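Shown next, in structure tokens, is the structure this report addresses.
Chain naming here is simple, since letters A, B, ... match the order of the sequence lines and numbering starts at 1 in each. Keep in mind it's a predicted model, so treat the numbers as computed, not measured.
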Amino acid sequence: MLDSQLIRNQLTEVAAKLAKRGFTLDQSHLIELETQRKQCQMETQRLQNERNTRSKSIGKAKAKGEDTTELMQSVAELGDQLKASEIKLDSIQNELNNILLGVPNLPHDSVPEGKSEEDNPEQRRWGTPKTFKFEPKDHVTLGEQLNQLDFEVAAKITGSRFAFMRGPLARLQRALIQFMLDTHTEKHGYTEVYVPFLVNADSLMGTGQLPKFAEDLFHIAEQDYYLIPTAEVPVTNFARDVIFPADALPVKFVAHTPCFRSEAGSYGKDTRGMIRQHQFEKVELVQMVKPQDSYDALEALTGHAETILQQLDLPYRVVSLCTGDLGFSAAKTYDLEVWLPGQQKYREISSCSNFEAFQARRMKARWRDPENKKPGLLHTLNGSGLAVGRALVAIMENYQDENGKIAIPNVLQSYMQNKTHIE
RNA sequence: GGAGAGGUGGAUGAGCGGCUGAAAUCACCUCCCUGCUAAGGAGGCACAGGUCUAAAACGCCUGUCGAGGGUUCGAAUCCCUCCCUCUCCGCCA
């Protein structure tokens, strides 16, 4: 959520920045509502003040034993007027708030302008896509030939966009998770956390998935809980309604969780294989930092995710999302894209974002600034470190040999009973 | 699932329907005193919104004692619903 004062005082500047990311802010409607709000709020507060002072005088009069019937009569008359005014104010503020909750974050000045994915400038590349002496297969063919990956069984058990894995491949996924968690906790200073996979609406509101993106979520209607679409939700909401002392920052958490996405609106996209599933595993990095540190933290966090790809020796590139491709809550995002021989393409495997105070404002995540002793909003960041399902796909496709065997990356072998291949 | 207890500021914790945005203590901040340390003394110290302002500070106003409703001229205090925490019993991976 944006600062409402900013919107009020610098409406045209805000609208211009939002326009860069393709969001049109209805300025005249906002101005109109704002005028109404101001007028109504002042009137309501005037009436409240009136009621309070008169009620107090009743108390005093009674204490002196004076007759109060006339006074009481006069306050009672205020009641209807006050109630009507309060209801009106409430509805105006609700409308304003709903608009505000639907406004995306402002892009940081360093974010390149552009309309879509195609305009995301590449920042750097690491590694070189391997040339195969044979036609490389995609992970679906590889997995099915090994009899370790089965989409039909998954479809029987549940439906489309789920996977069933068995044997070494299932273990390789677990190895990846272990390796990522170990690296981030031991080398990058993150604290491992285990979190709920079902969250309430307040948490989703806090990180920005609600109210706008409800259709992307799985909802348990009975309890009004939602399956998490990313660990970002439960992990970042750790900070909701918290005021951190300055010396507790930065908070750096890493969590492995499954993620559940309805993928509404992506029918026909990536229907083959494990690239786009309703359920997938992810290791997520989350940081809560002082505002002045957040852009350094974004570079560092992105580097932490990159380390994993480098250790796995998977070629990748880093792109900076342009204004038009930026996610709702993000001020700036780097995507890491891994090379997939089966598709002959770089595909997203991690997304690292600085949300600045956007999420913090929604969830009242604050810190006590020693400068002025006052609570101030902190900045939140997160990034996949990495998407495990896609990392598994990348390994299968990049490490395959002519016979359909898959070599196990060096760093994972200790997690795989020191085996060198999956066959 | 059954029975009970409870949710108040950064923390602990008082609170009769009006003079309580909230005692007290701790923590914190400023100052004084003081060989050092410890102790002592004076004062300050919730958050949010509005208004004022070029912007702020100050001031003024409003709201907030788990959440939402209600009763009342007036609610932290009374009533209802919900949420959460704790204890005991039952069940359970």
Exercise for the section: Go through the N and O atoms of the side chain of A:K62 and the base of B:rG18, and report whether any donor-acceptor pair is under 3.5 Å. Expected result: yes
Exercise for the section: Measure the distance from CZ on A:R37 to P on B:rU62 and round it to the nearest whole Å. Expected result: 17 Å
Practice task
Work out which heavy atom in A:E117 is nearest to a heavy atom in A:D325; give both atom names and the distance.
Solution key: CA-OD2, 3.8 Å
Handout entry: Interatomic distance, A:F244 CZ vs B:rG10 C1' [rounded to whole Å]
Key = 14 Å
Practice task
Name the closest nucleotide to the A:Y225 side chain, picking from B:rC84, B:rC61, B:rG74.
Solution key: B:rC84
Problem - C1' atoms of B:rG74 and B:rG17, separation to the nearest Å - result: 8 Å
Handout entry: Same-atom distance (C1') from B:rU72 to B:rC80, integer angstrom
Key = 16 Å
Exercise for the section: In whole angstrom, give me the gap between the C1' atoms of B:rA46 and B:rA22. Expected result: 10 Å
Problem - Atom pair distance, as rounded to whole Å: CD in A:Q48 and C1' in B:rA75 - result: 15 Å
Exercise for the section: Write down the distance between NZ (A:K83) and C1' (B:rU62), rounded to a whole number of angstrom. Expected result: 17 Å
Practice task
Return the nearest nucleotide to the side chain of A:K373; candidates are B:rG63, B:rC47, B:rC29.
Solution key: B:rC29
Exercise for the section: In whole angstrom, give the distance that lies between atom CD of A:Q45 and atom P of B:rG49. Expected result: 13 Å
Problem - Residue mapping more 5' on RNA chain B - nearest nucleotide basis, A:R51 or A:L71 - result: A:R51
Handout entry: Rounded distance in Å between the P positions of B:rU30 and B:rG15
Key = 34 Å
Handout entry: Parallel, tilted or perpendicular: ring planes of A:F238 versus A:F244, cut at 30 and 60 degrees
Key = tilted
Fill in the blank from the handout: When rounded to whole Å, the CG to C1' distance for the pair A:D241 and B:rC84 reads 13 Å
Exercise for the section: Could you please name the partner base of B:rG40, counting Watson-Crick and G-U wobble pairs only when both distances are under 3.5 Å? Expected result: B:rC32
Problem - Any side-chain donor near an acceptor of the partner, A:E281 and A:H256, under 3.5 Å - result: yes
Problem - Among B:rG10, B:rG18, B:rU62, the one nearest A:R368 by side-chain distance - result: B:rG10
Completion exercise
In short, A:Q277 meets A:F151 closest at the heavy-atom pair NE2-CE2, 4.1 Å
Practice task
For nucleotides B:rG90 and B:rC84, find the distance between their P atoms and express it as a whole number of Å.
Solution key: 24 Å
Handout entry: Counter-base of B:rA5, judged by Watson-Crick or G-U geometry with both distances under 3.5 Å
Key = B:rU85
Practice task
Using a 4.0 Å heavy-atom cut-off across all strands, classify A:Q5 as base, sugar-phosphate, or nothing.
Solution key: sugar-phosphate
Fill in the blank from the handout: Under a 3.5 Å limit on both distances, the Watson-Crick or wobble mate of B:rC78 is B:rG70
Handout entry: Sugar-phosphate, base or nothing in reach of A:P375, heavy atoms under 4.0 Å
Key = sugar-phosphate
Completion exercise
Ranking B:rG18, B:rU62, B:rC47 by distance to the side chain of A:K374, first place goes to B:rC47
Problem - Side-chain touch A:M396/A:L169, heavy atoms, less than 4.5 angstrom - result: yes
Handout entry: Options B:rG63, B:rC29, B:rC73, nucleotide nearest the side-chain atoms of A:A76
Key = B:rC73
Practice task
Would you mind pulling out the nucleotide paired to B:rG63, Watson-Crick or G-U wobble, both distances under 3.5 Å?
Solution key: B:rC47
Problem - Nucleotide of B:rG63, B:rG49, B:rU51 approaching A:M42 most closely (side-chain heavy atoms) - result: B:rU51
Exercise for the section: Have a look at A:R46 and say if it touches a base, only the backbone sugar-phosphate, or nothing, with a 4.0 Å heavy-atom cut-off. Expected result: nothing
Exercise for the section: Figure out the CD1/C1' separation between A:I92 and B:rU62, and round it to whole Å. Expected result: 16 Å
Practice task
Looking only at non-hydrogen atoms, find the nearest pair between A:G208 and A:S329 and report the distance.
Solution key: CA-OG, 3.8 Å
Problem - Identity of whatever pairs with B:rA22 - Watson-Crick or G-U, under 3.5 angstrom - result: none
Problem - Inter-nucleotide P distance (B:rC28, B:rA38), Å rounded - result: 11 Å
Exercise for the section: Could you check which of B:rU62, B:rU51, B:rC73 has an atom nearest any side-chain atom of A:K38? Expected result: B:rU51
Exercise for the section: Answer with base, sugar-phosphate or nothing: what part of the nucleic acid does A:R366 contact at a heavy-atom distance below 4.0 Å? Expected result: sugar-phosphate
Practice task
Could you work out which one of B:rG18, B:rC84, B:rC61 sits closest to the side chain of A:N49?
Solution key: B:rC61
Practice task
Select base, sugar-phosphate, or nothing to describe what A:N9 touches, counting heavy atoms under 4.0 Å on all strands.
Solution key: nothing
Exercise for the section: Provide the distance between the two P atoms, one in B:rU87 and one in B:rU71, to the nearest whole Å. Expected result: 38 Å
Practice task
Scan side-chain atoms only and decide if A:N52 and A:S55 contain a donor-acceptor pair under the 3.5 Å cut-off.
Solution key: no
Practice task
Could you let me know what B:rG90 is paired to, Watson-Crick or G-U wobble, both distances under 3.5 Å, or none if it's on its own?
Solution key: none
Handout entry: C1' gap between B:rC26 and B:rG9, integer Å
Key = 13 Å
Exercise for the section: Nearest whole angstrom, please: distance from the P of B:rC61 to the CD of A:Q41. Expected result: 15 Å
Fill in the blank from the handout: Minimal heavy-atom distance between A:R161 and A:D270, with the atoms involved, is NH1-O, 3.3 Å
